[in-house]
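Remarks on the structure that follows.
All values below were derived from every heavy atom in this structure, side-chain atoms included, with hydrogens, water molecules and symmetry-related copies excluded.
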Amino acid sequence: MTENTTASLPSFATGAINLASARLGARGLYATDEFFAPLERMLQDEPASFDPELYDDNGKYMDGWESRRKRVPGHDWAIVKLAMPGRIFGFDVDTSYFTGNYPPHCSIEAAFVEGGDPTDATAWTEILAKSPLGPSAHHFFENAHKEQIWTHLRLHIYPDGGVARLRVYGSAYFDWSKVGESEEVDLGYIFNGAKSLAWSDAHYGHPDKMLGPGRGINMGDGWETKRRRGPGHDWAVIRLGHPGIIKRVIVDTAFFKGNFPDSCELLGAYRPDLGDRLSQADIAASENWKPILSRTKLQMDHIHEYGGNAVADIGPVTHVRIAMHPDGGIMRLRLIGVKG
């Protein structure tokens with residue numbers, strides 16, 4: 001299974017992360033109006049939902065950001081702080097369940113603000129010109145400014161209405177030039193540019209969750225597969241944020257008690273030629289990558305730390321394959337090493 005398993009996703013989403021993910025830390029900073037539904041709902045990671053019987057004090061409960069009907073000139077807009085600085089490949093402006101209350105058009109501006117949030121003096125750059133929207137649909141727009149780094153977005157809707165979800169597909173930016181040659185850093189941290197490219201199963205949780213911040217908030221905040229009823233085992237291939245030599249490995253099974261893997265192993269390879277979409281041949285070849293951490297038993301709800309002789313020095317790697325036997329859940333994976 002590769003990243004673009006959903007036929008409706010465009011090619012620019014392959015190998016990308018959602019920079020507007022609330023789970024990763026994206027926040028809605030300001031909206032001109034959020035009378036019917038608050039801005040924060042637009043950034044939720046779960047797909048939008050709809051309950052025809054659910055109402056609140058202001059009217060129909062909608063799972064997204066929704067402004068009231070505008071009776072004066074102008075249009076509504078909102079400012080979003082991205083989860084991390086990053087390059088943007090494209091957008092999904094999702095109007096799911098907004099049928100008679102969607103905005104007919106939208107546009108998006110971006111800004112780079114180092115160490116803070118936008119002010120009145122902030123310079124904004126339009127990266128999506130005013131574009132048409134329709135009812136209850138995903139609207140994918142590619143960004144032509146892929147090499148620039150942004151920290152904030154300003155979403156304009158014309159003149160008012162609701163957006164269920166805003167997905168911002170891109171890659172995290174981390175200034176590796178500031179990392180010393182002998183300085184240890186998490187090469188597999190999503191904020192440092194790491195990304196899961198392929199996996200056997202993600203029934204209960206995407207493997208990217210393993211690469212996220214903290215120890216996790218509950219059992220749903222890690223990578224978890226369904227119960228395996230046949231032969232084999234589950235695995236995920238991860239592109240590191242930077243080529244490097246892995247010195248220490250941390251496998252955290254926090255919250256996984258009756259569903260932690262029996263054991264795990266870690267393989268690695270130096271494959272700078274690999275793209276963001278792995279072929280079946282690429283995936284098959286990853287089974288023969290060099291062992292970094294030999295197959296080892298795991299415990300429930302536990303931080304497993306491996307270093308020294310337990311972690312083989314196979315030289316610089318760009319990708320790893322984490323395998324868990326036979327199935328289950330891993331909350332966090334940390335790959336501590338040095339640039340190589």
Side-chain angles (χ1 to χ4, degrees), residues 12-13 16-45 64-68 70 72-95 102-131 133 139-178 189-193 212-213:
F12 64 68
I17 62 173
N18 177 20
L19 298 173
S21 161
R23 177 178 58 82
L24 293 178
R27 294 186 294 118
L29 299 182
Y30 174 79
T32 53
D33 188 288
E34 46 189 344
F35 182 84
F36 284 116
L39 179 61
E40 62 186 23
R41 289 183 196 162
M42 186 181 70
L43 307 179
Q44 295 305 302
D45 290 79
W65 166 46
E66 184 184 4
S67 65
R68 76 190 85 192
K70 186 165 287 295
V72 296
H75 67 275
D76 289 315
W77 50 272
I79 294 177
V80 171
K81 182 176 183 177
L82 299 177
M84 63 205 84
R87 297 179 174 89
I88 296 173
F89 307 151
F91 308 94
D92 176 12
V93 183
D94 178 8
T95 59
Y102 66 93
H105 295 85
C106 76
S107 66
I108 298 176
E109 296 173 300
F112 178 82
V113 181
E114 191 167 12
D117 290 322
T119 66
D120 290 342
T122 296
W124 293 89
T125 300
E126 185 176 78
I127 58 175
L128 176 65
K130 189 173 182 179
S131 303
L133 300 177
H139 303 82
F140 294 106
F141 303 103
E142 190 165 4
N143 177 30
H145 304 261
K146 292 183 177 66
E147 295 307 311
Q148 292 176 263
I149 301 162
W150 310 107
T151 58
H152 295 75
L153 295 182
R154 186 158 61 181
L155 171 66
H156 298 263
I157 56 174
Y158 302 92
D160 54 42
V163 175
R165 295 290 187 268
L166 175 66
R167 309 294 192 206
V168 181
Y169 293 104
S171 63
Y173 171 75
F174 182 72
D175 190 353
W176 286 92
S177 67
K178 295 182 179 179
Y189 190 33
I190 202 165
F191 279 36
N192 293 348

Does the side chain of Phe191 reach to within under 4.5 Å of the side chain of Leu24, using non-hydrogen atoms? yes
Test item: Leu153 and Ile88 side chains (from C-beta on) under 4.5 Å apart, heavy atoms: yes
Would you please test Tyr173 and Met84 for side-chain contact (heavy atoms from CB on, under 4.5 Å) and show each step? CA-CA 7 Å; Tyr173 171 75; Met84 63 205 84; over 6 Å; no
Is Arg167 paired with Asp94 through a side-chain N to carboxylate O contact shorter than 4.0 Å? no
Specify the closest pair of heavy atoms between Pro104 and Pro159, including all atoms of both residues, with the distance to one decimal. CD-CD, 3.9 Å
Is any side-chain heavy atom of Ile149 closer than 4.5 Å to a side-chain heavy atom of Arg87? yes
Gap separating the CG atom of Leu29 from the NZ atom of Lys81, nearest 0.5 angstrom: 7.0 Å
Answer whether the closest heavy-atom distance between the side chains of Leu155 and Val80 falls below 4.5 Å. no
Mark yes or no for whether Asn18, through its side chain, and Tyr169, through its backbone, hold a donor-acceptor pair below 3.5 Å. no
Residues in side chain to side chain donor-acceptor pair (under 3.5 Å) contact with Glu142, at least two apart in sequence or another chain: Lys146
Exactly one of Lys130, His156, His105, Lys70 clears side chain to side chain donor-acceptor pair (under 3.5 Å) with His75, and that residue is His156
Heavy atoms only: give me the nearest Asn192-Trp176 pair and the separation to one decimal. O-NE1, 3.4 Å
Within this structure, what is the CG-OG distance for the pair Leu166 and Ser21, rounded to the nearest 0.5 Å? 11.5 Å
Between Gly64 and Ala37, the two heavy atoms sitting closest are O-CB, 2.9 Å
Are Phe89 and Asn143 packed together at the side-chain level, in the sense that at least one heavy-atom pair is separated by less than 4.5 angstrom? no
Kindly compute the distance separating CZ (Phe91) from CD1 (Ile108), expressed to the nearest 0.5 Å. 4.0 Å
Closest heavy-atom pair, Arg27 versus Asp117, reported as atoms and distance to 0.1 Å, is NH2-OD2, 4.1 Å
Are the side chain of Thr151 and the backbone N or O of Ala111 linked by a donor-acceptor pair below 3.5 Å? yes
Would you say the side chain of Thr32 lies within less than 4.5 Å of the side chain of Ser67, judging by non-hydrogen atoms? no
Is any side-chain heavy atom of Asp160 less than 4.5 Å from a side-chain heavy atom of Asp33? no
Where do Gly116 and His152 come nearest, in terms of heavy atoms and distance? O-CE1, 3.3 Å
Within-4.5 Å side-chain heavy-atom neighbours: Tyr102 and Ile157: no
Are any side-chain N or O atoms of Glu109 and backbone N or O atoms of Arg154, one a donor and one an acceptor, separated by less than 3.5 Å? no
Heavy-atom closest pair (Ile190 atom, Gly212 atom, distance to 0.1 Å) is CG2-CA, 4.0 Å
So, Ser177 side chain and Asp175 main chain: donor-acceptor pair closer than 3.5 Å or not? no
Does any N or O in the side chain of Arg165 come within less than 3.5 Å of the main-chain N or O of Asp45, such that one atom is a donor and the other an acceptor? no
Let me confirm one number: the CG-CH2 distance from Leu19 to Trp150, rounded to the nearest 0.5 Å. 13.0 Å
